[in-house]
Protein chains: 2
Amino acid sequence: MAKSSSCAIEYTLSLIAGKWKTVILYHLFHQPVYRFNELKKLMPDCSQRMLSLQLKELEKAGLIQKKVYPVVPPKTEYSLTKLGQSMLPVIKAMDKWGLDHHNQLNKEP
Amino acid sequence: MAKSSSCAIEYTLSLIAGKWKTVILYHLFHQPVYRFNELKKLMPDCSQRMLSLQLKELEKAGLIQKKVYPVVPPKTEYSLTKLGQSMLPVIKAMDKWGLDHHNQLNKEP
DNA sequence: CAGTATCCAATAAGATACTG
DNA sequence: CAGTATCTTATTGGATACTG
């Protein structure tokens with residue numbers, strides 16, 4: 001984000017680049033609300049730290065929102081904002097492309 | 001690409017992540033063939049080195065192909081492969097989203 | 001024209017331990 | 001439960017100069 005992008009697509013990419021952001025959005029499209037540890041379980045290869053960072057960046061980008069319940073033990077809920085929901089076509093297109101072209105997936109005997 | 005992705009969308013992202021890849025694809029959708037320096041001119045903020053690297057990765061991913069003419073001075077042409085063309089919905093969705101939501105673009109007086 | 005080579009800076013990501 | 005802190009490594013990107 002150092003330089004302003006000169007191309008629309010660059011801007012879009014800047015918001016969803018990062019190893020886990022699209023995956024997080026993907027999950028939130030399939031279930032509207034997730035807690036931190038639920039997401040963690042869905043993404044076993046994503047460390048707690050990375051999940052935390054990526055959620056923060058998505059929140060900063062305005063794509064997701066976080067609701068914190070002041071209870072003990074803590075409870076937080078992540079969900080898509082309106083803006084995040086508008087990303088659905090992008091996520092869908094990427095998911096479809098991956099399903100169509102990633103031969104290593106869903107090819108178990 | 002160290003670990004195999006467990007999610008289709010992760011795979012898609014892995015192929016188009018990188019600061020300039022989607023932009024290159026975007027241009028190749030609007031004009032089927034480009035030479036190295038033509039792309040360079042379209043992307044003034046992308047260094048020659050980066051352009052070269054990103055083109056190489058796109059080629060390795062099978063999304064673009066390169067035709068080299070054995071002439072002096074050298075002439076190369078880059079174009080989308082069939083696989084690259086199949087990425088159109090993804091690029092289009094990202095472009096549209098950027099146009100719709102990046103307020104800093106196309107707002108000059 | 002279409003790149004490489006080299007060197008360096010910045011950023012992203014991983015591992016592990018700790019906490020309100 | 002939902003994170004931080006710290007340290008380290010890996011990857012990416014940039015500047016500049018050079019070449020077949």
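Throughout, protein chains are lettered first and strands after them, A, B, ... in sequence-line order, and every chain is numbered starting at 1.
- In terms of the salt bridge (charged side-chain N to carboxylate O under 4.0 Å, His left out) criterion, B/Lys56 has no residue partners (sequence neighbours excluded).
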- Query: What string of B, S and - do you get for nucleotides 13-20 of chain D, 5' to 3', if B is base contact, S is sugar-phosphate-only contact and - is no contact with any protein heavy atom under 4.0 Å?
  - Reply: BBB----B
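- Residue B/Tyr69 is classed as having no contact, given no heavy-atom separation below 4.0 Å to the nucleic acid.
- To the nearest angstrom, P of D/dT4 lies 13 Å from CG of A/Asn37.
- For residues 66-77 of chain A, every residue pair satisfying the side-chain hydrogen bond (donor to acceptor under 3.5 Å, both in side chains) rule, not counting sequence neighbours, is listed here: A/Tyr69-A/Glu77.
- In the set D/dA2, D/dT4, C/dG3, the nucleotide with an atom closest to the side chain of A/Phe36 is D/dA2.
- Across the protein-nucleic acid pair, B/Lys40 atom NZ and C/dC1 atom P stand 13 Å apart, rounded to whole Å.
- For B/Lys66, no side-chain nitrogen or oxygen approaches OP1 or OP2 of C/dA2 to under 4.0 Å.
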- Query: Can B/Val33 and B/Tyr78 be said to form a side chain to side chain contact (heavy atoms under 4.5 Å, CB included), step by step?
  - Reply: CA-CA 6 Å; B/Val33 175; B/Tyr78 291 93; over 6 Å; no
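- A/Ser52 has a side-chain polar atom (N or O) that falls below the 4.0 Å cut-off from OP1 or OP2 of D/dT4.
- Scanning for side-chain contact (heavy atoms from CB on, under 4.5 Å) contacts around A/Thr22 gives A/Ile16, A/Ile91, A/Met94, B/Ile9, B/Leu13, with sequence neighbours left out.
- Straight-line distance from the CG atom of B/Leu55 to the P atom of C/dG3: 7 Å, rounded to whole Å.
- Each salt bridge (Lys or Arg N to Asp or Glu O under 4.0 Å) pair with one or both residues in residues 79-103 of chain B, not counting sequence neighbours, appears once here: B/Lys96-B/Asp100.
- Here the straight-line distance linking atom NE2 of A/His102 with atom OG of B/Ser14 works out to 7.5 Å at 0.5 Å rounding.
- To the nearest angstrom, C1' of C/dC1 lies 18 Å from OH of B/Tyr34.
- DNA chain C contains the following stems of three or more consecutive Watson-Crick or G-U pairs, with both distances under 3.5 Å: C:1-20 with D:1-20.
- Residues satisfying the ring-ring contact (aromatic ring centres under 6.0 Å, His included) criterion with B/Trp20, sequence neighbours excluded, are absent altogether.
- The interatomic distance linking A/Met43 (CE) with C/dA13 (P) rounds to 13 Å, in whole Å.
- OP1 or OP2 of C/dC1 has not a single side-chain nitrogen or oxygen of B/Thr76 nearer than 4.0 Å.
- Residues meeting the side chain to side chain donor-acceptor pair (under 3.5 Å) test with A/Ser79, sequence neighbours left out: A/Gln65.
- When rounded to the nearest whole Å, the span between CG of A/Leu39 and C1' of D/dC1 equals 13 Å.
- Using a 4.0 Å cutoff on non-hydrogen atoms, no part of residues 21-32 of chain B comes near DNA chain C.
- Under the rule for a side-chain contact (heavy atoms from CB on, under 4.5 Å), the partners of B/Leu28 that lie at least two apart in sequence or sit in another chain are B/Ile24, B/Tyr34, B/Ile64, B/Leu80.
- B/Glu38 places its CD atom 15 Å from the C1' atom of C/dG3, with the value rounded to the nearest Å.
- Atom CD1 of A/Ile64 and atom C1' of D/dA2 are 14 Å apart (whole Å).
- Contacts of A/Lys21 classified as salt bridge (charged side-chain N to carboxylate O under 4.0 Å, His left out), with partners at least two apart in sequence or in another chain: A/Glu57.
- Residues that satisfy the ring-ring contact (aromatic ring centres under 6.0 Å, His included) test with B/Tyr26, not counting sequence neighbours, are B/His30.
- From A/Cys7, atom SG reaches atom CE of B/Met43 across 9.0 Å, with rounding to the nearest 0.5 Å.
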